[in-house]
Amino acid sequence: MAERKYVYFFAQGQAEGDANMKELLGGKGANLAEMCRLNLPVPPGFTITTEVCTYYYANGKKYPQGLKSQVEEALRRTEQLMGSRFGDPDNPLLVSVRSGARSSMPGMMETVLNIGLTSRTIRGLIAKTQNERFAYDAYRRLIMMYADVVMEKAAGIEPKEGEGVREQLEHEMDKLKKKRGVKLDTELTADDLKRLVDIFKKKVEQVLGKPFPDDPMEQLWGGIGAVFQSWTGKRAVSYRRIEGIPDDWGTAVNVQSMVFGNMGDRSATGVAFTRNPATGENVFYGEWLVNAQGEDVVAGIRTPYPLNKAAKNEDNRHLPSLEEMMPELYAQLVDIRNTLEKHYRDMQDIEFTIQEGRLWMLQTRVGKRNGQAAVRMAVDMCIEGLIDKKEAIMRVKPSQLDELLHPMVDPIKERHAEVLAVGLPAGPGGATGQIVFTADEAERLGKQKQRVILVRTETSPEDVHGMHAAEAILTSKGGMTSHAALVARGWGKCCIVGCGALEIDAINKKMTVNGKVFKEGDWLTLNGTTGRVYAGQLPLVKPDLERNEAYLQLMQWADEIRTLGVRTNADRPADAAQARAFGAEGIGLCRTEHMFFDPKRILAMRQMILADNESERRKALAKLLPYQKKDFLGILKTMEGLPVTIRLLDPPLHEFINLDKKQIKELADQLNVPATKIEARIASLHEANPMLGHRGCRLGIAYPEITEMQARAIFEAAAELTKQGVKVYPEVMVPLVGTLKEFLHQEKIIRQVADEVMAKYQVTFRYLVGTMIEIPRACLTADEIARSAEFFSFGTNDLTQTTFGFSRDDVGAILASYLSQGILPDDPFQTLDQTGVGQLVEMGVQKGRSVRPDLKIGICGEHGGDPASIEFCHRVGLDYVSCSPFRVPIARLAAARAAIRYGAGRRAK
Ligand code: PEP
Ligand code: MG
């Protein structure tokens with residue numbers, strides 16, 4: 001039987017692997033092979049496959065048979081091409097040993113450079129380079145790296161803080177510099193470094209009880225073993241957890257001939273992006289350093305030089321560019337840039353080294369980019385003919401659009417800022433402001449144009465005025481569908497919820513976070529996209545969407561391709577207008593309860609709730625009618641020509657009379673009733689589980705006059721607008737239906753009012769009556785309900801709550817432990833639980849359409865703005881998703897991506 005192939009050789013113009021072999025060769029190895037196939041100058045070497053890593057861990061850290069001879073054979077081929085030999089005292093070959101997993105794990109695993117230097121080969125290196133200083137510098141670097149990576153970390157030694165071998169060697173080097181009276185490493189002479197090598201060797205033996213190996217082969221296998229060992233190092237393991245990379249993928253090892261960027265003034269090293277990764281502009285962009293090794297560019301010890309004119313900025317303008325200093329090599333690099341872009345059809349992140357006037361490529365990979373750059377590159381590349389429209393759409397992650405829609409915390413400054421606390425990322429974008437602890441204070445300061453952040457344990461409908469005035473909202477409790485999260489998202493406002501580290505003392509106007517005390521007026525910065533909170537003020541960067549041509553173009557392509565409709569959840573004309581500007585094709589959910597918290601209306605609302613009998617209640621409702629009608633006139637007008645789904649009153653009544661003693665007294669005075677009556681009513685409305693209580697259609701059934709008033713307000717607004725020639729398409733939606741009879745009860749009232757209003761106004765208009773599907777029984781009996789309901793809208797917030805039996809307002813603490821222990825993969829209130837809740841949705845769709853094939857079905861829970869859930873909605877045949885205004889563009893893009901991935905859906909043109 002032929003021996004399994006564990007080692008893949010590569011050199012310019014010849015390679016055994018290619019870019020498609022990432023699983024076996026890792027990203028780095030596969031791309032090195034591909035560059036060789038493109039005949040680019042790559043130092044020869046070989047890749048040991050990820051299978052060896054898997055074998056190593058499955059077999060008590062042993063290597064498979066045959067590996068040794070394959071490595072030796074590949075090393076021989078490398079030697080032949082380089083014209084030098086590994087371990088040759090006269091003409092030694094040196095190699096690097098680097099890790100390379102399937103998907104990049106930057107800085108998580110180990111690297112050893114200059115392997116092959118020993119007390120014998122050092123002479124050869126000096127003779128060959130005629131540069132004793134360089135040779136000893138390489139030698140001391142090898143000893144330090146090797147002792148640290150191979151002899152200490154890979155051996156599982158865990159030294160006390162500050163006592164690691166690397167630190168002890170660094171200390172020796174500092175001692176020598178002090179003795180010599182110099183500051184920089186570069187000021188040490190060849191003799192100094194030669195002494196340092198001796199000092200290092202002694203120190204290594206003293207600290208680790210073993211000598212630094214003087215045998216090149218032992219060094220090589222030590223390096224290879226250390227890379228495999230680092231796959232299960234702490235850093236690598238926790239990175240894999242965060243990124244969801246499976247443990248059994250393993251890493252490959254790349255052994256490659258060393259080339260040196262630090263051999264003098266004709267040598268250099270650099271990193272570059274084939275386009276600007278921050279703006280997306282089609283310009284070559286990068287940094288380099290003359291006479292340096294790769295780690296010097298990234299480590300930030302020396303300020304890197306700009307690669308060319310395009311990379312010059314305030315800080316580096318005075319420094320020479322490669323374009324100016326080495327024009328011929330720069331031209332060669334530009335050619336390589338063009339070759340790589342054409343070949344990979346995507347922006348590449350490359351590393352190169354120039355050794356004594358000769359250019360070598362050390363790495364290429366698809367470059368990371370921010371949202372702005374992702375959009376611009378995708379559109380430019382499509383226009384340039386590198387990719388087609390579909391690929392352009394697939395290149396931009398929907399969540400990346402957030403960066404174009406909201407101000408963001410300046411990413412460069414954020415990188416250096418210390419995170420104070422982390423909560424749930426409920427409303428994306430960045431904000432800075434001064435802390436306030438009450439909604440009233442937020443409103444007062446907001447009117448004075450002060451930027452404030454409203455910090456609360458949680459918010460309630462009574463805080464809405466302050467929430468609106470604040471730049472951002474931060475709460476210590478609550479989940480992704482808590483009041484604060486829903487409201488903030490609706491306005492596109494930055495919001496972080498469930499930030500458990502905050503200990504808020506609203507009475508004394510202070511909070512403590514991890515031992516630090518913050519008072520009212522102190523500054524905070526929030527990154528609502530990641531949930532991170534910072535003390536103090538970080539700068540923000542603002543978007544300019546209307547003039548962002550690349551964005552507009554990409555969205556046009558997305559609209560051509562998608563078949564899923566995109567509506568919005570909005571209950572104010574301004575929000576509806578914003579959503580329409582973002583491309584919303586209607587309103588999928590207008591929550592009417594938010595309309596009653598206005599200070600002018602709340603009194604009538606409370607009067608209605610406190611009423612003893614129907615006629616009292618009707619009197620109070622009559623006061624509310626004109627307000628409601630005005631709301632609907634505004635919304636229907638704003639959405640002229642588009643459907644508007646208006647949901648009847650949903651929340652438990654006690655939310656409207658959640659009053660303290662002082663407020664009860666005030667209300668009693670205003671309504672001219674005894675305070676005891678109000679107290680008694682509050683007590684009678686108390687429910688142990690209000691989320692499962694007297695809410696939704698249960699309210700309209702108990703108090704049909706509420707439904708009647710709301711229907712009248714909707715239809716009178718529709719009638720008036722129709723008379724004015726405005727096209728309106730109202731859709732009345734009944735919440736929390738679980739049985740057909742509940743629906744029929746409400747439908748009868750609604751249709752009766754519609755008939756009355758049409759007769760009164762002498763007009764006709766089209767309207768629909770449908771239902772939310774948001775409790776499991778509605779899914780199970782969807783075929784019955786669909787006999788009467790003209791449309792369904794899945795309320796997946798409540799459906800998730802009732803399917804899991806989680807209270808959506810209190811789930812925060814449970815979720816934190818479930819997510820950290822891997823009991824749930826994601827927050828099910830954020831991304832739809834397709835396995836469980838998803839089955840109910842599918843059942844609802846199938847049963848509903850089994851009796852009414854043209855049943856219009858949408859979703860209006862928070863999942864309607866989540867890209868993974870949108871893909872699910874496309875697959876199960878929904879007609880539209882509805883989401884908060886600032887998620888509309890994200891949903892349009894996600895819907896297009898779903899159509900590309902799964903083919904056109906129901907609404908295909
Ligand atoms: C839902 O339950 O998904 C929904 C949209 O309604 P609300 O969040 O208002 O309960
Ligand atoms: Mg609901």
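All ligand and atom numbering here is 1-based and tracks the order in the structure. Keep in mind that the numbers below use all heavy atoms, side chains included, and drop hydrogens, waters and symmetry copies.
- The single protein non-hydrogen atom nearest to atom 9 (O) of ligand 1 is Arg591 NE, 2.7 Å, given as residue, atom name and distance.
- For the residue pair Asn658 and Glu655, no side-chain donor N or O sits within less than 3.5 Å of a side-chain acceptor on the partner.
- At the shortest separation from atom 5 (C) of ligand 1 among protein heavy atoms lies Cys860 O, 3.4 Å.
- Of all atoms in ligand 1, listed by their number and element, those nearer than 4.0 Å to a heavy atom of Arg695 are 10 (O).
- Within the structure, the closest approach of Glu862 to ligand 1 does not fall below 4.0 Å when heavy atoms are considered.
- Put simply, no part of Gln801 is less than 4.0 Å from ligand 1, judged by heavy atoms.
- Put simply, the residue from Arg766, Arg567, Arg647 that forms a salt bridge (charged side-chain N to carboxylate O under 4.0 Å, His left out) with Glu731 is Arg567.
- When non-hydrogen atoms are compared, ligand 1 lies under 4.0 Å from the side chain of Asp650 (C-beta onward) but not from its backbone.
- With hydrogens left out, the protein atom closest to atom 6 (O) of ligand 1 is Arg647 NH1, 2.9 Å, a heavy atom.
- Residue contact annotation: Glu774 places an N/O/S atom under 2.8 Å from the Mg ion (ligand 2).
- Looking at Asp798 and the Mg ion (ligand 2) together, the shortest N, O or S contact belongs to OD2.
- Atoms of ligand 1 found under 4.0 Å from any heavy atom of Asn797 (numbered from 1 in listed order, with element): 1 (C), 2 (O), 3 (O), 4 (C), 5 (C), 8 (O).
- Using cut-offs of 30° and 60° for the angle between ring planes, the Phe804 and Phe806 rings count as parallel.
- Close contacts of ligand 1 with Leu589, meaning ligand atoms under 4.0 Å from a residue heavy atom, involve 5 (C).
- Arg751 and Glu708 are not joined by a salt bridge, as no carboxylate oxygen comes within less than 4.0 angstrom of a charged side-chain nitrogen.
- Here atom 10 (O) of ligand 1 lies nearest to Arg808 when heavy atoms of Met733, Arg808, Glu593, Glu774 are compared.
- Salt-bridge formation is not detected for the pair Asp402/Lys397: no Lys NZ or Arg NE/NH1/NH2 atom is positioned less than 4.0 Å from an Asp or Glu carboxylate oxygen.
- Side chains of Asp866 and Thr831: a donor-acceptor N/O pair is present below 3.5 angstrom, by distance only.
- Taking a cutoff of 4.0 Å between a charged side-chain nitrogen and a carboxylate oxygen, Asp650 and Arg591 do not qualify as a salt bridge.
- Per-residue contacts place Met772 under 4.0 angstrom from the following atoms of ligand 1 (heavy atoms of the residue considered): 4 (C), 5 (C), 6 (O).
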>> Run the ring pair (Phe, Tyr, Trp, His ring centres under 6.0 Å) test on Tyr729 and Phe765 for me, step by step, so that the C-alpha distance in whole Å, both residues' side-chain angles and the decisive distance to 0.1 Å come before the verdict.
In response: CA-CA 8 Å; Tyr729 299 100; Phe765 48 83; over 10 Å; no
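- Annotation for ligand 1: atoms under 4.0 Å from non-hydrogen atoms of Gly795 are 1 (C), 2 (O), 3 (O).
- Every heavy atom of His863 sits 4.0 Å or more from the atoms of ligand 1.
- Judged by the shortest distance from any of its heavy atoms, His483 lies outside the 4.0 Å radius around the atoms of ligand 1.
- Those atoms of ligand 1 that come under 4.0 Å of a heavy atom in Asp798, given as number and element, are 1 (C), 2 (O), 3 (O), 10 (O).
- Shown are Gln710, Glu716, Arg601; of these, the side chain to side chain donor-acceptor pair (under 3.5 Å) with Gln628 is made only by Gln710.
- Salt bridge annotation for Glu871-Arg901: present, with a cationic side-chain nitrogen under 4.0 angstrom from a carboxylate oxygen.
- Under the 4.0 Å criterion applied to side-chain N and carboxylate O atoms, Arg849 and Asp783 are not assigned as salt-bridge partners.
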